[in-house]
Amino acid sequence: MSDLADEYRLEYFEEEGFVRKECSDCGNHFWTRDEDREICGEPPCAEYDFIDDPGFEEAYSLEEMREAFLSFFEDHDHERIEPYPVAANRWRDDVLLTQASIYDFQPLVTSGETPPPANPLTVSQPCIRMQDIDNVGKTGRHTMAFEMMAHHAFNAREDADAEYAYEGEVYWKDRTVELCDTLLDSLGADIEEVTYIEDPWVGGGNAGPAIEVIYKGLELATLVFMCMEQDPDGEYELKDGNTYSFMDTYIVDTGYGLERWTWMSQGTPTVYEAIYPDMIAFLKDNAGLSYTDEESEIVGRAARLSGNLDIDDVDDVEAARGDIADRIGVSVEELRELVEPLEDVYAIADHCRTLAYMLGDGIVPSNVGTGYLARMVLRRTKRLCDNVGVDAPLDELVDMQAERLGYENRDTIRDIVRTEVEKYRETLERGGRRVESLAEEYAETGEPIPTEELIELYDSHGIQPDMVAEIAEQAGAEVDVPDDFYSLVAERHDTPDGTETVTDDADERFEDLPETEKLYYDDQQRTQFEAVVLDVFERDEGYDVVLDQTMFYPEGGGQPADTGTLSTDDVTVEVEDVQIEDGVILHRTDENPGKGEFVNGQIDAARRRQLMRHHTATHIVIHSARQVLGEHVRQAGAQKGVDSSRIDLRHYARIDREDVKEIERRANEIVMDNTAVSQEWPDRHDAEAEHGFDLYQGGIPPGEQIRLIHVDEDVQACGGTHVARTGDIGAIKIRSTERVQDGVERITFAAGEAALEATQAAEDALYEAADVLDVDPEDVPETAERFFEEWKDRGKQIEDLKEQLAEARAGGGGDAEEIDVGETTAVVDRLDSDMDELRATANAIAEEGKIAVLGSGESGAQFVVAVPDGSDVNAGEVVGELASKVGGGGGGPADFAQGGGPNVEDLDDALEDAPDVLRQLQDA
RNA sequence: GGGCCCAUAGCUCAGUGGGAGAGUGCCUCCUUUGCAAGGAGGAUGCCCUGGGUUCGAAUCCCAGUGGGUCCA
């Protein structure tokens, strides 16, 4: 096994007089121009040297530094590209957020399937990393949101066997280091002080040599040379314990932290003051934080010290605070009081920037996916604001960052923030009440609130344990939060195991067949074609027929497959389903048309027409919804059908009736405009540059060219079949909306004939209702309301009357049988009315000091037994005895019981036995 | 994508197989008339919808609808 040491012997280092050293402290190897240098320069081997002593010639703002970087690389033959959204799940499904510039090019560009937008290129990519969220504000250098400035070059070996979307070498290690070195020099850094540390990189199945660039104690950049992939037979064993071998493609992946470069140029105590000084000032002022000269001095020194410490988790921060306080010569309490509000302010500024990125790029808060992350950040930010006493509305704070970042959808962002803050407030209020009553309960018993309750409160109601503790304390209850609280919560989510066996049935039978020519894109209106049967494969039921070309659309992009027939001179076979595998289209048929035959294909035209109408209508509905609800609306899924289709949209509020009507109106305007629906196959990077990522509502297709569908002003990457003109859709009718998840709304709609049918079905329902009520359809709502009110009134009246009837009956005696049972009198009677009446009568009789035994045969045999106060007869037992005689059971409290059974014919016998039963039970 | 929780009076909620409740608000009267005052009486309800189990379901089971929440 070999390590990668040779990979770092660069000509550039040699030419420039670098020497390779081993750090006397940590043992890492590094390259430096300074022959006497002993340590690598990276904390904890060294401390920050740039606080109050900036490392560059001039101080740069964040914007100035970004521009300086990008234009430097433009001047050195790189093309500047626009950054991608922070919501990486918009072009890849393996991650949620963009965490590095290379994410922009994974997986299609890095694998060589798709060419990069430019080569070499430079970009400043906004990124969000949630991993360090607890450190933000505390360490002086951690941020959740940051921009990774980068230059990338995509190379492929000339001797590679396979075809790649880029060829040859643009540049590799020497040039990369040279560019970085030159950049530092041009900014006025003392390049004698710069060290390049050897630090092999491994991640996500790829690996390669990498270099950390350290200057004045701060890691300014990482230069990664991605050129290896995991390989069981690989020659190199790397730090993750796996073996790796070289790939055909090799990629320069660099990362320069914009914030750190800005910080380096200013030398402020923390990175936050360097990157958004205005917002920090505003927040400090708003929270009423002001410091005397002496206090400022302490805060400054503490900040410097915390920055110098190598702190990677919060426990260390807390422990370190004591250390810092000692070194400054103040008490820990004093230090905490001074520093904690500032830490909150730093974190608020950072979190607001994170939210601006997330919401600005169209993430909608939700209980799933990126939306959930946005919600978490927002709630955390709100807590920090409350904690430190910032009373400016959160939407205003987020807007400050959104404005700085140049977002144009600021009104929507503010609206989303306001909605979310309100939701959070309601959750807290609900939770507060719940905790209060729980706390009171446990305060009475004197027991601490059990952990099980805490988990339930957090998991099901979103109430943090510290909030429970706070409220419980006021109510005088104890709370003991276990240290492993969050792992206990996690345990609750452990599923019995869901090891999915990925059924990877990559069918080798089709490997030698050519890709089927897709006729359905040439003329989407045609339904007939001729073809040659290349091969036929037998299936469990039916056959897979492969043709040289086809008009049949295979299932894909939410559009179901076409059906139809294939005919030879001799036979006609039914096509029941169509699938595509590696470009080969499989027609699933009931019979074998015969290999080598010429066939005449005919697709079910009516079905296809409806599918096309629904597909084009889907684009129109999304487009209309975006106009009505806002530009943040994005497709979260779609399914087309013959009778109806549905689309799921990301939106932060319920779509109400007014919205539906407006969306429907706009959609039908587009239909009535009868504009042409066009398709084109542009280069993917040209398309992205012109239309942005909103193209990919339904997923990202691979390849150099992508198919775009234009409907009205809407443009989407789409592989489906569409009508020629919007008028062909006929009409679009929205049938229903539902909230399928928080932040995701589903619209179900019908197009063409189905729209007409849907409308007629709704009308039928109305007419039928009108017919029942015997009124005009337009009077149905009013009449229904009146009927409902009257119905309720009558219910009340009937109840009232029953009570009167019962009292009259109890007083009047009637034909009821009266028996003496010991010292009390019992009334036994059969009334044949409902339970309510039976109960009322029994109550009235008991009021008069008599035992009531009433039976009814109205719906099954039923009994009610009521006993007056002071009687020693148990009503429940009486009922139980009687009910068993009619094949049922019964029970209830000792003074009032009811029961019954299915055998009505035995009711009279049971009642006749009642006196005996009563006497027996009394004697017992 | 998965897990969990909730739905009862205008509001906040209790009730977990057998007669629908409390607090608050509302109405009437009394007391007092000074700020969230006291006393007495009264009206509140398809117990979310639909199925099932049961002699009997607000209560148990299933499905749906609406909301909440945690996780990947």
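Since we're looking at a predicted model, the values are computed, not measured. Convention: sequence-line order gives letters A, B, ...; per-chain numbering from 1.
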A:Pro902 has its side chain closest, among B:rG66, B:rU69, B:rC55, to B:rC55
With a 4.0 Å cut-off, would you call A:Asp386 and A:Arg383 a salt bridge? no
Map A:Met835 and A:Ile463 onto RNA chain B by nearest heavy atom, then report which one ends up closer to the 5' terminus. A:Met835
What does A:Asp836 touch in the nucleic acid at a heavy-atom separation under 4.0 angstrom: a base, only the sugar-phosphate, or nothing? nothing
Phosphate OP1/OP2 of B:rC6 contacted by A:Arg433 side-chain N/O (<4.0 Å): no
Just call it for A:Gly860: base, sugar-phosphate, or nothing, with non-hydrogen atoms closer than 4.0 Å on any strand. nothing
Sticking with atom C1', work out how far B:rU54 lies from B:rG18, rounded to a whole angstrom. 12 Å
In this structure, which one of A:Arg646, A:Arg650, A:Arg654 forms a salt bridge (charged side-chain N to carboxylate O under 4.0 Å, His left out) with A:Glu745? A:Arg654
Gap between atoms CZ and P, on A:Arg434 and B:rU69 respectively (whole Å): 12 Å
Pair A:Tyr84 + A:Tyr103: ring centers closer than 6.0 Å: no
For A:Glu426 and B:rC5, give me the distance from atom CD to atom C1', rounded to whole Å. 17 Å
Flag yes if more than 12 heavy atoms outside A:Glu473 fall under 6.0 Å of its CD atom; otherwise flag no. no
Hey, could you give me the CG/CZ distance between A:Leu97 and A:Arg129, rounded to the nearest 0.5 Å? 11.5 Å
Would A:Phe896 count as stacking on B:rG19 if stacking means ring centres less than 5.5 angstrom apart and planes tilted under 30 degrees? yes
The side chain of A:Gln898 lies closest to which of these nucleotides: B:rG18, B:rG3, B:rC55? B:rG18
Using a strict threshold of under 4.0 Å (side-chain N to carboxylate O), is an ion pair present between A:Arg786 and A:Glu782? no
Would you kindly give the CZ-to-P distance between A:Arg654 and B:rU65, to the nearest whole Å? 11 Å
Nearest whole angstrom, please: distance from the P of B:rU54 to the CZ of A:Phe863. 19 Å
Categorize A:Gly462 for me: base, sugar-phosphate, or nothing, with a 4.0 angstrom heavy-atom threshold over every strand shown. sugar-phosphate
Can you check salt bridge (Lys or Arg N to Asp or Glu O under 4.0 Å) on A:Lys423 and A:Asp742, steps first, answer last? CA-CA 12 Å; A:Lys423 276 192 180 183; A:Asp742 198 14; 3.1 Å; yes
Ion pair present between A:Lys885 and A:Asp906, side-chain N to carboxylate O less than 4.0 angstrom? no
Check this for me, if you would: do A:Lys796 and A:Asp800 make a salt bridge, where the nitrogen-to-carboxylate-oxygen distance has to be below 4.0 angstrom? no
NA contact type, A:Gly876, heavy-atom cut-off 4.0 Å: base, sugar-phosphate, or nothing? nothing
What integer number of Å spans the P atoms of B:rG52 and B:rG66? 24 Å
Side chain of A:Val489 only, please: which of B:rC13, B:rC70, B:rG66 is the nearest? B:rC70
Quick one: A:Arg430 CZ to B:rU69 P, roughly how many Å, whole number? 6 Å
Base, sugar-phosphate, or nothing: which does A:Ser437 touch, judged by heavy atoms less than 4.0 Å apart? nothing
Counting side-chain heavy atoms from CB outward, which of B:rG68, B:rG1, B:rG3 is closest to A:Thr427? B:rG68
Within the 4.0 Å heavy-atom criterion, would you say A:Val368 contacts the bases, only the backbone, or no part of the nucleic acid? base
In whole angstrom, what separates A:Glu440's CD from B:rG23's C1'? 12 Å
Position toward the 5' end of RNA chain B (nearest nucleotide), A:His461 or A:Gly888: A:His461
Send over the distance from A:Gln741 CD to B:rG67 P, rounded to a whole Å. 13 Å
Interatomic distance at P, B:rU69 relative to B:rA58, whole Å: 30 Å
Here RNA chain B, pairs taken as Watson-Crick or G-U under 3.5 Å and shown with ( ), [ ] when crossing and | when to another strand, reads (((((((..((((....[..)))).(((((.......))))).....(((((..]....)))))))))))).
A:Arg830 vs A:Asp832, salt bridge (Lys or Arg N to Asp or Glu O under 4.0 Å): CA-CA, chis, key distance, verdict: CA-CA 6 Å; A:Arg830 174 168 172 162; A:Asp832 282 346; 3.0 Å; yes
Between B:rC5 and B:rC62, how many Å separate the two P atoms, rounded to a whole number? 11 Å
Nearest-nucleotide pick for A:Ser460, side chain only, options being B:rC4, B:rC13, B:rC70: B:rC4
Near RNA chain B, counting only heavy atoms under 4.0 Å, which residues of residues 787-802 of chain A show up? A:Phe788, A:Trp791, A:Lys792, A:Lys796
With salt bridge (Lys or Arg N to Asp or Glu O under 4.0 Å) as the criterion, how do A:Asp834 and A:Lys802 come out once you've worked through the C-alpha distance, each side chain's angles and the decisive distance to 0.1 Å? CA-CA 10 Å; A:Asp834 64 32; A:Lys802 275 180 185 166; 2.8 Å; yes
If you measure from NE2 on A:His351 to CE on A:Met376, what distance do you get to the nearest 0.5 Å? 12.0 Å
What form does the base of B:rU32 take, syn (within 90° of 0) or anti? anti
Name the closest nucleotide to the A:Asn367 side chain, picking from B:rU69, B:rU12, B:rG66. B:rU69
Pairwise C1' distance, B:rG34 and B:rA43 [rounded to whole Å]: 31 Å
To the nearest Å, how far apart are A:Glu456 CD and B:rG3 C1'? 12 Å
